[in-house]
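Each remark here refers to the structure printed beneath this line.
All heavy atoms count here, side chains included; hydrogens, waters and symmetry mates do not.
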Amino acid sequence: MTVLSKILLFFPGFVLLLTGAAIVYLAYSPNIFSILGVFLSIYGLPVLVYRLHEWVYPVREGINYLQNKEYNSWWGSHQIQVIFIAIPVLEAVLRLIPGVFSCWLRLWGAKVGRDVYWTPSLEIADRSLLEIGDRVVIGHRVGIYSHVIKPRKQNLMLYVKKVKIGSNVFVGAGSNLAAGVVIAEGSYVPAVSNLYPNQKVQ
């Protein structure tokens with residue numbers, strides 16, 4: 001693990017500490033700046049750091065290994081996003097306001113169309129590796145994971161590929177979409193479906 005990899009391990013904790021300090025400041029001095037400080041520390045900083053990281057170390061699709069000596073850009077990007085996986089309520093709040101969560105994903109680099117309905121409870125592991133069309137419904141507790149990790153030859157093989165969902169698609173509750181899944185326009189994915197890497201749904 002490189003030095004940068006180790007530094008980014010502490011990023012989620014740093015965001016929590018910064019947000020805690022901003023909340024304390026808000027309690028002692030409630031004003032527009034202290035309110036902005038809370039929102040920017042929990043939502044603004046991770047996006048800003050992610051976009052900077054993506055500019056310098058872009059995440060590449062394909063196969064590589066996590067236990068090599070070289071820095072792994074996916075690993076770093078995952079550490080920047082992991083706070084929203086560990087504390088899902090942070091993004092669940094955004095899904096209560098129509099259109100806000102789609103805009104949030106676009107800030108991370110995702111391609112999201114119009115009139116996408118997100119239920120309050122779901123998980124997206126790789127926000128920038130998602131392409132989704134118009135008028136899509138994402139059901140309750142759906143998981144979208146654009147990476148797969150498995151042991152191989154005394155190392156950890158990482159496979160990264162975008163998940164693509166066409167327009168007018170309904171993804172049923174409890175479904176899991178793995179790396180490289182492609183769902184064609186107008187498709188219906190039944191509840192509790194497990195779509196495997198590179199699986200195509202017509």
Practice prompt. Give a yes or no on whether the backbone of Leu107 and the side-chain of Arg51 come within a donor-acceptor separation of less than 3.5 Å.
Written response: yes
Item to complete: Could you name each residue pair satisfying side-chain hydrogen bond (donor to acceptor under 3.5 Å, both in side chains) that touches residues 75-93, not counting sequence neighbours?
Response: Gln81-Arg127, Glu91-Trp104, Glu91-Arg127
Fill in: Side chain Ser34, main chain Tyr25, donor-acceptor under 3.5 Å
no
Item to complete: Working to the nearest 0.5 Å, report the span between CD1 of Ile80 and CG of Leu48.
Response: 10.0 Å
Discussion item. Check whether Asn68 reaches the backbone of Glu70 with its side chain - one donor and one acceptor, N or O, closer than 3.5 Å.
Written reply: no
Worksheet item: Do Leu45 and Leu40 have side-chain heavy atoms sitting under 4.5 Å apart?
Response: no
Fill in: Heavy-atom pair with the smallest gap, counting every atom of Pro190 and Ser175
O-OG, 3.1 Å
Worksheet entry | Nearest non-hydrogen partners of Pro46 and Phe84, listed with the distance | CB-CE1, 3.8 Å
Fill in: Residue pairs passing the side-chain hydrogen bond (donor to acceptor under 3.5 Å, both in side chains) test where at least one lies in residues 92-102, sequence neighbours excluded
Ser102-Trp118
Worksheet entry | For Asn72 against Tyr65, the heavy-atom pair lying closest together | ND2-O, 3.7 Å
Fill in: Gap between atom CG of Leu26 and atom CG of Asn31 - 0.5 Å precision
8.0 Å
Worksheet item: Residues sharing Val24's hydrophobic cluster, by side-chain heavy-atom contacts under 4.5 Å among ILVMFWY, directly or via others?
Response: Tyr28
Worksheet item: So how far is it from Ile97 CD1 to Cys103 SG, rounded to the nearest 0.5 Å?
Response: 11.0 Å
Worksheet entry | Val169 and Val201: CA distance, side-chain angles, deciding distance, side chain to side chain contact (heavy atoms under 4.5 Å, CB included) verdict | CA-CA 10 Å; Val169 168; Val201 177; over 6 Å; no
Worksheet item: Would you find a donor on one side and an acceptor on the other, under 3.5 Å apart, between the side chain of Ser41 and the backbone of Val38?
Response: yes
Worksheet item: Residues sharing Phe170's hydrophobic cluster, by side-chain heavy-atom contacts under 4.5 Å among ILVMFWY, directly or via others?
Response: Tyr117, Val137, Tyr188
Worksheet item: Would you say Phe39 has more than 12 foreign heavy atoms packed within less than 6.0 Å of its CZ?
Response: no
Fill in: Over all atoms of both residues, closest heavy-atom pair of Val163 and Gly180
CG2-N, 4.4 Å
Practice prompt. Sort and list the pairs that fulfil side-chain hydrogen bond (donor to acceptor under 3.5 Å, both in side chains) and have at least one residue in residues 2-11, not counting sequence neighbours.
Written response: Thr2-Ser5
Worksheet item: Would you say Tyr43 and Leu90 make side-chain contact, with heavy atoms under 4.5 Å?
Response: yes
Practice prompt. Determine, stepwise, if the pair Thr119 / Val142 fulfils side chain to side chain contact (heavy atoms under 4.5 Å, CB included).
Written response: CA-CA 9 Å; Thr119 51; Val142 166; 6.0 Å; no
Fill in: Results of side chain to side chain contact (heavy atoms under 4.5 Å, CB included) for Ile149 - residues two or more places apart only
Leu66, Trp74, His147, Leu156, Leu158
Discussion item. Quick one: does any side-chain atom of Asp126 pair with a main-chain N or O of Ser146 as donor and acceptor, under 3.5 Å?
Written reply: yes
Practice prompt. Measure from the side-chain N and O atoms of Ser167 to the backbone N and O of Gly133, and report whether any donor-acceptor pair falls under 3.5 Å.
Written response: no
Worksheet item: Do you know which two heavy atoms are closest between Gln67 and Gln154, and how far apart they sit?
Response: OE1-O, 3.6 Å
Practice prompt. Answer yes when Arg114 and Asp134 have at least one side-chain N-carboxylate O distance shorter than 4.0 Å, and no when they do not.
Written response: yes
Worksheet item: What do the steps show when you test Val49 against Val15 for side chain to side chain contact (heavy atoms under 4.5 Å, CB included), and what is the final call?
Response: CA-CA 11 Å; Val49 171; Val15 170; over 6 Å; no
Worksheet entry | Minimum heavy-atom distance between Val100 and Leu94, given as atom pair plus value | CB-O, 3.7 Å
Discussion item. Counting only heavy atoms from other residues, nucleotides and ligands, does the tally under 6.0 Å from CZ of Phe10 exceed 12?
Written reply: no
Fill in: Close side-chain approach of Val181 and Tyr145, heavy atoms under 4.5 Å
no
